Amino acid sequence: MLEPLVEAVISAIPNAVVIFSPNGTVLASNSKALELFGFDSLEDKSVDDLARTCTQEDGTPISSSTFVSPLANEPRKFMIHSKKTGKWILVCASPVGSQSVQLGKNNVGAITVYSEKTEIIKNLGKLNRELQQKTKYQLDVQDHLLEAIKIRDDFISMASHELKTPITSMKFQVEIVKRKHQSGQLTRPQLDKLFSTWGEQLERLNSLIDGMLDVAALSEGQVKSEACEMDLGEAIRSQVDRFYTEQISFIEKKEVTGFWDVRKIDQIVSNLLSNAIKYGHQKPIEVTLSHEGIWAIIEVTDHGEGIDPENFEKIFRRFERVQSGISVGGIGLGLYIVKQVVENNGGSISVKSKKGEGSTFTVKIPLHYENHSVN
Amino acid sequence: MKTILLIEDDLEIQHSLAELLKMENYQVIVASNGAIAKTLLLQGCTPDLILLDLLMPVMSGEEFLQDVEIRTKLELIPVVVLTAGLVRQLPKRLVRAIIPKPPNISEMLMTLGHILNG
């Protein structure tokens, strides 16, 4: 029997309390201790019985001497986890040490006081998970930004290279003409040829700048569609005519009318055609127009360079130009612009190609697309 | 008459620069990329100077400067790089000058004259 005072004191304490003898026998405990560790009674139990039901904070087994250490002088605090109740418990184990303290007839080894910290640990775990999620998000954002900066830097160097190239040849040509003019050697045919070359170079510069502006507008989401009913065949034909070449033939399988923004159609067709010309090895290019149900289908086929299947996805990315053996100008924006414009108008683009045999780009766009205001 | 090997893939630049150099009384040999120039050099072409573009298909200017077989030839031939891009690491020992595109034409001609006659 415990002394009534001791019993009254340990019952009155709001924490769980277990008193051990120096060899680890339970001398006294309160009801909160039973509840915390999930025992009906701790009578005749030892520290081993208690330790077996618990783990350390990291899940490893806990030794009995952690609770009752004959060598310890100082009170120690540590966290344990009860496997029986699933509770997290902060233990404060105070050794009685060399002083002889008796409870009834027995010597006291350690007085252990326990407080439950399950809520705090759970909240900590939750906070930790949230922090990890936020950190991951931040890292993703950082990667995204670094990627965006790299794309921008690549763009600037690519764009400046492409813009400087026609300027360089024009500068040489101006110097040549100046010299010939000064020495009276400039002939009429030479001058005519120069004017047409300069016209082409200026056109090249202008289309490079247009491409850059299109991309900038697409990224800023500023492109508004102004759709009206139109004849798609007519729009394609006017783009084909713009290229002034016998190389391109247009086959209108069916007359197709629908609601589109004519500028968008021009962007799609002109980019696909200039690509076909660039990589088409001067061989014939076929453009066909048909429709299936609600879809208008435009196909542009060349018989040139061709694309490796592994690059099918890559060619639609910004500033990508798949390395090829031929020298082509441009900054790799054409197909990116086409894909964005097609998708923003509810359509899709796909490519079929065989290396060395040419490529077919197929654009499917709905005859009538509701969401015209998106970029 | 000094001979310049012009390695440049853009045909407009190649033609106009070749014409301009001829007006300056240089003999000009052109190659549209590093690989064609390599063949010429290995066949015994010995220009007095190489004018080299960097961004070219098949064999770029950088690859040209790193090619072992070409490097043995370059011991005797000065190289001038002509580029519209950013100049990264180039072997300094081989490259005598870097001229930006578009160049200041009189400065460019002076640099070439200086290297060829100096």
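Each chain gets a letter, A, B and so on, in the order the sequences are listed, and its residues count up from 1. Only heavy atoms go into these numbers, but all of them, side chains included; no hydrogens, no water, no symmetry mates. Fair warning: this is a prediction, and the values are worked out from it, not measured in the lab.
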- Task: Could you please spell out the steps behind the side chain to side chain contact (heavy atoms under 4.5 Å, CB included) verdict for M170(A) and E12(B)?
- Result: CA-CA 8 Å; M170(A) 286 176 84; E12(B) 294 292 343; over 6 Å; no

- Query: Quick check: does any side chain N or O of K171(A) sit under 3.5 Å from a backbone N or O of P103(B), one acting as donor and the other as acceptor?
  - Reply: yes

- Just wondering, more than 12 heavy atoms not from Q282(A) lying within 6.0 Å of its CD? no

- Interatomic spacing from CZ in R179(A) to CG in L20(B) - rounded to 0.5 Å: 5.0 Å

- Item | Interatomic spacing from CG in L17(B) to CD in E175(A) - rounded to 0.5 Å | 11.0 Å

- Interchain contact, L21(B) with chain A, by part (heavy-atom threshold 4.5 Å): neither

- Qualifying residue, where the test is side chain to side chain contact (heavy atoms under 4.5 Å, CB included) with S16(B) and the options are V177(A), I176(A), T168(A): I176(A)

- Given Q14(B), H15(B), E24(B), the one with more heavy-atom pairs under 4.5 angstrom with chain A than any other is E24(B)

- Would you give the length of the straight line joining atom NZ of K164(A) to atom CG of D10(B), rounded to the nearest 0.5 angstrom? 14.5 Å

- Given M108(B), K101(B), E19(B), the one that forms side chain to side chain contact (heavy atoms under 4.5 Å, CB included) with F172(A): M108(B)

